[in-house]
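A quick write-up on the structure given underneath.
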Amino acid sequence: MDNVQSSDFLGKEKISKLMVKFCIPCVLSLLVAALYNIVDQIFVGNSELSTLGNAATGVVFPIFIIAQGFAWYFGDGSAAYINIHQGKGDTGKIHKCVGTGMTLTVIVSVVLLAIFYPLKTQMLTLFGASENSIGYAVEYFNIILGFFPVYMLSNMINAVVRADGSPSWSMLSMLAGAVVNIVLDPIFIFACKWGMSGAAWATVIGQCVSFVISIIYLFRTKTFKLTLKSLIPDFKTYGEAFKLGLSSLITQMTIVVISLVCNIMLAKYGSMSKYGADIPIAVIGIESKVFTVVINIVVGIVLGCQPIIGFNMGARNFDRIKKLYRSILLCTVVVGAIATILFEAAPDAVVGMFGKPTNIPNPDDYWEFARKTFRIFLALVIFTCTIKMSSIFFQAVGKPVFAVLTSLIRDIICFVPLICVLPIFYGVDGILVSAPIADLLAMLVTAGLTVALFMGIDKMMKQEKKAEEIELLK
């Protein structure tokens with residue numbers, strides 16, 4: 001009962017104060033997570049590996065997303081379960097949910113390792129590696145892949161840590177790993193001259209540091225106590241978490257699908273243009289990393305609020321749910337607007353962080369395509385941010401169908417068909433304009449689902465008020 005009482009402040013404390021406490025550590029944690037890939041790409045791009053090295057890390061990135069998708073599936077599902085049941089005052093089975101999620105994460109990580117290792121060359125080629133970059137990609141991927149279990153379990157546990165009311169610990173875990181990565185990257189790449197292997201080893205050592213800190217937390221949890229028996233899968237208990245985490249998995253898998261389709265189309269239509277195949281894939285690889293930073297800020301805000309949302313939904317504090325949504329939406333719009341201004345006004349400065357092109361025939365083509373990518377492809381990034389935020393909000397309030405639909409509408413239903421059709425008429429530029437068109441269409445659907453959600457909440461509020469009035473009359 002003490003654990004339940006310790007969560008009561010989520011339903012009483014001032015919302016702005018709660019958001020500062022929970023969102024800032026979560027945002028920093030996810031920014032640090034994005035740094036794992038970005039730091040590698042910055043150091044690689046500024047080394048002798050240059051553009052081809054960037055292309056290599058770019059084609060490995062979607063496979064990272066697959067691993068992260070399953071980790072977030074089990075982690076976010078468990079986190080949503082924890083917070084909703086805290087609000088209901090029912091915390092007895094939380095340890096079983098968390099333990100089951102951890103076990104499933106380990107099992108899936110081993111399965112992915114067994115599938116990816118023998119097929120690595122085929123997969124990396126499928127994701128856009130050319131004959132010029134495939135050697136670098138395989139060298140990097142061989143090391144990264146071996147640490148998938150550590151990487152995935154660390155991500156899964158971090159979601160649970162945030163839900164347990166310790167966002168600062170989650171931030172510490174990710175920050176420590178990132179600092180180690182940043183320190184080791186220049187040592188391994190430049191001093192030791194290990195090239196792509198050096199970037200990979202810096203990354204996985206940082207991941208191991210994050211993993212150890214995450215594991216330590218499991219011995220000091222607030223809401224539940226984990227035992228060895230907790231790790232025995234209990235699918236009956238975990239059934240709700242399976243549903244609640246589904247949108248996280250689908251969101252990540254859609255990133256993989258669009259990365260795959262996008263790279264295939266870039267290789268095809270890029271080779272028909274003056275840019276060639278390597279320039280578009282290298283630039284889109286950079287765009288993906290930068291875009292991840294923006295999205296992770298937004299996701300960090302709404303995920304940071306997930307314990308507050310879940311608790312108040314479980315406790316049926318609907319007025320606070322509405323206030324939370326308005327506050328999260330405002331923060332999302334501000335982040336999206338700042339990103340839009342930056343990408344439209346200073347694309348050279350953003351791309352320039354990842355090094356200058358030195359091992360391609362015409363560097364001017366590289367800069368031209370980079371400017372077009374950031375100004376066209378990310379033109380409606382403010383809508384993309386709102387769509388991603390809405391999906392996680394739907395998940396947090398226990399609306400998995402809305403969450404899944406929002407996850408699918410932008411990337412799979414709109415973007416993939418557009419990116420396959422428009423290049424037929426407009427060449428490689430057709431790929432770039434597909435994104436803002438998909439953002440616009442998906443935003444209309446997301447707005448409709450949001451209206452439907454709050455109409456449903458208003459209906460529940462009226463029903464409860466009527467029930468209270470009837471009870472008073474008795």
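Side chains included, hydrogens not; waters and symmetry mates left out as well; all remaining heavy atoms used. Throughout, residue positions are numbered sequentially from 1 according to the sequence presented.
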Scan side-chain atoms only and decide if [X] and [Y] contain a donor-acceptor pair under the 3.5 Å cut-off.
X	Y	result
Thr373	Glu287	no
Thr227	Ser230	yes
Ser214	Ser173	yes
Asp164	Tyr217	yes

Is the backbone of [Y] close enough, under 3.5 Å, to the side chain of [X] for a donor and an acceptor to pair up by distance?
X	Y	answer
Asn317	Arg320	no
Lys222	Gly165	yes
Thr103	Leu231	yes
Asn158	Ser154	yes
Ser391	Ala403	yes
Trp169	Arg162	no
Tyr238	Phe74	yes

Parallel, tilted or perpendicular, judged at 30° and 60°: which one describes the rings of [X] and [Y]?
X	Y	value
Tyr325	Phe393	perpendicular
Phe141	Phe116	tilted
Phe402	Phe394	perpendicular

Would you give the length of the straight line joining atom CD1 of Ile328 to atom NZ of Lys323, rounded to the nearest 0.5 angstrom?
->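 If we round to the nearest 0.5 Å, Ile328:CD1 and Lys323:NZ are 14.0 Å apart.
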
Does a side-chain heavy-atom distance below 4.5 Å link [X] with [Y]?
X	Y	value
Pro149	Val106	no
Phe70	Leu104	no
His95	Thr221	no

So, are Lys229 and Asp234 salt-bridged, with charged N and O less than 4.0 Å apart?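 Looking at Asp234 together with Lys229, the answer is no, because their closest N to O distance does not fall below 4.0 Å.
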
Intermediate values then yes/no, side chain to side chain contact (heavy atoms under 4.5 Å, CB included), Trp72 and Leu249: CA-CA 7 Å; Trp72 286 9; Leu249 176 64; over 6 Å; no

Are the aromatic rings of [X] and [Y] close, with centres under 6.0 Å apart?
X	Y	value
Phe211	Tyr151	no
Phe377	Phe343	no
Tyr136	Tyr140	no

